[in-house]
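Reading through the structure tokens given below for one structure.
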Amino acid sequence: TLTLEESGGGSVQAGASLKLSCKINGYTGSSRCMAWFRQAPGKEREGVAALGYRGTGNTYYSDSVKGRFTISGDNAANLVYLQLNSLKSEDTAMYYCAASYSSSRCDFDWQTWSSEQYYYWGQGTQVTVSS
């Protein structure tokens, strides 16, 4: 099994940057789709970025963050990062790290995968952007 621990959130001004980290604990040797989701109060959860971790290395982004956010991984440290640049007030949300259960890679429909496909979730880290 896996556990995921997010960190790096905070309160910043618009235009600032943050770097979120997702520490992967447990059986870390498999290739997986690792993704970052976010959820703002009163809104649906949104997939913002995904990475083919320990596998393809392919990256995927939502249109709302493309060009501003970057997902990356450090296999040796069992970490997945999300670099957030040029933050906007609409980026304010709780950010969650998720890992696939059996899929060794992400796919074009990664944002719509079920809770069975994204089986492992962290507790979240809050990002608040003030304008």
Inset, instruction - Check the side chains of Arg32 and Tyr53 for a donor-acceptor pair under 3.5 angstrom, ignoring hydrogens and angles. - result: no
Inset, instruction - List in chain and number order the residues that pass ring-ring contact (aromatic ring centres under 6.0 Å, His included) with Phe69, two or more places apart in sequence or in another chain; answer none if no residue qualifies. - result: none
Inset, instruction - Mind checking the CZ-CG spacing from Arg68 to Asp91? Nearest 0.5 Å is all I need. - result: 4.0 Å
Legend entry - Point-to-point distance, once rounded to the nearest 0.5 Å, from CG of Leu79 to CG of Leu20: 12.0 Å
Legend entry - disulfide (SG to SG under 2.5 Å) contacts in which one or both residues fall within residues 57-99, not counting sequence neighbours: Cys22-Cys97
Legend entry - Pairs meeting criterion salt bridge (Lys or Arg N to Asp or Glu O under 4.0 Å) with involvement of residues 97-120, two or more places apart: none
Legend entry - Any side-chain donor near an acceptor of the partner, Ser100 and Gln117, under 3.5 Å: no
Inset, instruction - Go through Glu46 and Ser64 one step at a time and tell me if the side chain to side chain donor-acceptor pair (under 3.5 Å) criterion holds. - result: CA-CA 10 Å; Glu46 174 192 16; Ser64 61; 2.8 Å; yes
Legend entry - Check: Lys23 side chain, Ala77 main-chain N or O, donor-acceptor pair, under 3.5 Å: yes
Legend entry - Crowding at OH, Tyr119 (>12 non-hydrogen neighbours, <6.0 Å): no
Inset, instruction - Hydrophobic side-chain clustering at under 4.5 Å (ILVMFWY, transitive links): who's grouped with Trp121? Put none if nobody. - result: Phe37, Tyr60, Met94, Tyr96, Trp110, Trp113, Tyr118
Legend entry - Ser86 side chain to Gly15 backbone, donor-acceptor under 3.5 Å: no
Inset, instruction - Scan for side-chain hydrogen bond (donor to acceptor under 3.5 Å, both in side chains) pairs involving residues 72-81, sequence neighbours excluded, and state none if there are none. - result: Thr28-Asn78, Arg54-Asn78
Legend entry - Side-chain ion pair, Asp63 and Lys66, N-O less than 4.0 Å: yes
Legend entry - Shortest non-hydrogen contact from Leu4 toward Met34: CD2-CE, 4.2 Å
Legend entry - Single-linkage hydrophobic cluster, 4.5 Å side-chain cutoff, Val127 and Val65 together: yes
Legend entry - Contacts of type salt bridge (charged side-chain N to carboxylate O under 4.0 Å, His left out), residue Glu90, not counting sequence neighbours: none
Inset, instruction - State the CZ-CZ distance between Arg38 and Arg45, to the nearest 0.5 angstrom. - result: 13.5 Å
Inset, instruction - Starting at CG of Leu51, measure out to CD1 of Ile71 and round the result to the nearest 0.5 Å. - result: 5.0 Å
Inset, instruction - Determine whether more than 12 heavy atoms belonging to other residues, nucleotides or ligands lie under 6.0 Å from atom OH of Tyr120. - result: yes
Legend entry - From CG (Leu84) to CG (Leu18), nearest 0.5 Å: 6.0 Å
Legend entry - Atom of Ser17, atom of Asn85 and distance for their closest heavy-atom approach: OG-OD1, 2.9 Å
Legend entry - Inter-residue atom distance Thr125.OG1 - Glu5.CD, 0.5 Å rounding: 11.5 Å
Legend entry - Side-chain (Glu6) to main-chain (Ser21) donor-acceptor, under 3.5 angstrom: no
